[in-house]
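First up is the structure itself, then whatever we jot down about it.
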Amino acid sequence: MMLAAVVPDTRSMTTIHAAAAASPPLAGPALGGRRLPMLDRARIYACGITPYDVTHLGHAATFVWIDTLSRTLRLLGIEPEICRNITDVDDVLDAAAQRAGAPFDAFAAVQQFHFERDMAALGVRAAQHEPRAHRYVGQVIRLAAGLLATGAAYQRGGSVYFRGEPAVQAAGLDRAAALRLSAEYGGRPDDPGKDDPLDAAVWQASEPGHPAWESPWGTGRPGWHAECAAMALSVFGVGVDIHAGGKDLRFPHHAYHAAMAEAFTGVRPYARGWLHVGTVTLDGRKMAKSAGNLVLLDSLLAGYPAAAIRLMILDRPWAQDWDYAPGLLGAAAIRLESLYRAAGRTALEDQHVIAEIRRLLATDLNVPAALDLAIEAGGAPARILATALGL
């Protein structure tokens, strides 16, 4: 399907700045109903991929929303600084690299290249920081030592375990649900070295088939949650303005990451706001390689423009789970064409409409309402919104 493209010119950007001057500046975006006051910079930690397989629609949805948050912040006069990590020390990746007969880091680098190519094709801008976990082993060791010093962790059998109760409490989960999710996401609640099944490895003692590094506790490798905590602390310091990622990672990964960072620094909260993007399903089931129900991004791009795929993802609340069906792409293409036609209309430049579009995007990234308004108004508001959404 071919769609006419709108390429915003410099007049669109001039109009954005004029609109900003014509109305009082917003104090910052609101996420989850909570306003996050900001001056001119936002530190965003975007929980990245484990690069062991192809990019699917579920991945794309998370990173398109993070990109849209970034673009919205720029529209508000706030410069986003994004750290999007690469988890290249991971049990699943190790197994995939062994099947491919490749070293874990080389295998991960190739998969990372494919992911970044897919993101670029979708119009997702590159992050300013892209730390790879295997280059931050020293920082994880320092994190483990600091957690031991505060009593938030203990050492046993060459491993260092973080006491997990604070993370479970912060997540508001009962013990049964926390144990189920911990097992589902590789938390090894049956590890006999733990004081409590909900404790998490900051440093995991060496095991066959996995890379290993020297540490004060013997050879081993970083734990998953500790990798992200160490990379985020190294890049941004004691905290972030927004932590973003898929809703499915809220517990245990994000909860343990935040709890480790807070225990290490003593600064709370670790994140002022969270962007937990809704899960994409197919026939009611979460997309997963193990389930064999992936919708691959390159297949979608072969049939539809990237802008239509982006709009299919964005034309809904960001926290909402949704089920993919091919008809959604067709509907998004029609909606996109309506926006393009509206952008091409000659209309008076209504600063109040432009200001309202900014307000809607700043209020929980309300893309559907902003689209409705831009299509109705036409002209500059539609062109500004197309630019702001990367369409």
Separation of [Y] [atom2] from [X] [atom1] (nearest 0.5 Å):
X	Y	atom1	atom2	value
Phe236	Tyr270	CZ	OH	8.5 Å
Asn85	Met231	CG	CE	4.0 Å
Arg358	Thr72	CZ	OG1	10.5 Å
Leu296	Met287	CG	CE	9.0 Å
Arg359	Leu76	CZ	CG	12.0 Å
Leu73	Met38	CG	CE	5.5 Å

Parallel, tilted or perpendicular: which fits the ring planes of His276 and His254, with parallel below 30° and perpendicular above 60°?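 Because their plane-to-plane angle is under 30°, the rings of His276 and His254 count as parallel.
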Mind telling me whether Tyr161 and Tyr154 have parallel, tilted or perpendicular rings, with 30° and 60° as the class edges?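 Plane angle between 30° and 60°, so tilted.
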Does any N or O in the side chain of [X] come within less than 3.5 Å of the main-chain N or O of [Y], such that one atom is a donor and the other an acceptor?
X	Y	answer
Asp88	Ala133	yes
Arg175	Val168	no
Thr281	Lys286	no
Ser234	Ala230	no
Arg35	Gly28	yes
Tyr185	Asp248	yes
Arg163	Asp195	no
Asp118	Asp298	no
Thr150	Leu147	yes
Ser206	Thr219	yes

One pair to check against side-chain contact (heavy atoms from CB on, under 4.5 Å): Glu227 and Thr87. What are the steps and the verdict? CA-CA 8 Å; Glu227 290 171 352; Thr87 304; 3.3 Å; yes
Please give me the minimum heavy-atom distance between [X] and [Y], naming the atom from each residue.
X	Y	result
Met119	Ala60	CE-CA, 4.3 Å
Ile354	Ala380	CD1-CB, 4.4 Å
Ala201	Gln204	CB-OE1, 3.5 Å
Asp364	Gly32	OD1-N, 2.6 Å
Ile82	Ala46	CG2-CB, 4.1 Å
Leu198	Ser182	CD2-CB, 4.2 Å

Between the side chains of [Y] and [X], is the shortest nitrogen-to-carboxylate-oxygen separation below 4.0 Å, so that they form an ion pair?
X	Y	answer
Asp90	Arg221	no
Glu130	Arg84	yes
Arg156	Asp199	no

Just checking [X]: does its [atom1] atom have more than 12 heavy atoms from other residues, nucleotides or ligands closer to it than 6.0 angstrom?
X	atom1	answer
Arg34	CZ	no
Glu376	CD	no
His352	NE2	no

With hydrophobic residues grouped by side-chain heavy-atom distances under 4.5 Å, do [X] and [Y] end up in a single group?
X	Y	result
Val160	Val89	yes
Val124	Val277	yes
Tyr45	Val64	no
Val54	Tyr52	no
Leu328	Leu122	yes

Measuring only between side-chain heavy atoms, which start at C-beta, is [X] closer than 4.5 Å to [Y]?
X	Y	value
Cys228	Cys47	yes
Val240	Ile44	no
Tyr136	Leu143	no
Asp241	Leu36	no
Met312	Tyr304	no
Asn366	Leu361	no
Arg341	Arg345	no
Asp283	Asn293	no

Going through the checks in order, is the side-chain contact (heavy atoms from CB on, under 4.5 Å) test met by Trp203 and Leu148? CA-CA 11 Å; Trp203 185 260; Leu148 286 169; over 6 Å; no
Are the aromatic rings of [X] and [Y] close, with centres under 6.0 Å apart?
X	Y	value
His59	His56	yes
Phe115	Phe63	yes
His225	His253	yes

Hey, mind stepping through Leu31 and Trp318 against side-chain contact (heavy atoms from CB on, under 4.5 Å) and telling me if it holds? CA-CA 10 Å; Leu31 293 176; Trp318 56 265; 4.2 Å; yes
Have a look at Asp67 and tell me which of Arg74, Arg125, Arg310 forms a salt bridge (Lys or Arg N to Asp or Glu O under 4.0 Å) with it.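 The salt bridge (Lys or Arg N to Asp or Glu O under 4.0 Å) with Asp67 is passed solely by Arg310 among Arg74, Arg125, Arg310.
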Within 45 degrees of the ring normal and closer than 6.0 Å to the centroid, is that where the cationic atom of Arg316 sits relative to Trp322?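 Judged by the rule (NZ or CZ under 6.0 Å from the ring centre, within 45° of its axis), Arg316 counts as positioned above Trp322.
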Using the rule given for side-chain contact (heavy atoms from CB on, under 4.5 Å), can you reason through Leu311 versus Leu371, listing the C-alpha separation, both sets of side-chain angles and the distance that settles it, and then say yes or no? CA-CA 10 Å; Leu311 194 57; Leu371 276 167; 3.5 Å; yes
For a quick check under 3.5 Å, do Thr387 and Arg383 share a side-chain donor-acceptor pair by atom type?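 The criterion, which ignores hydrogens and geometry beyond distance, is not satisfied for Arg383 and Thr387.
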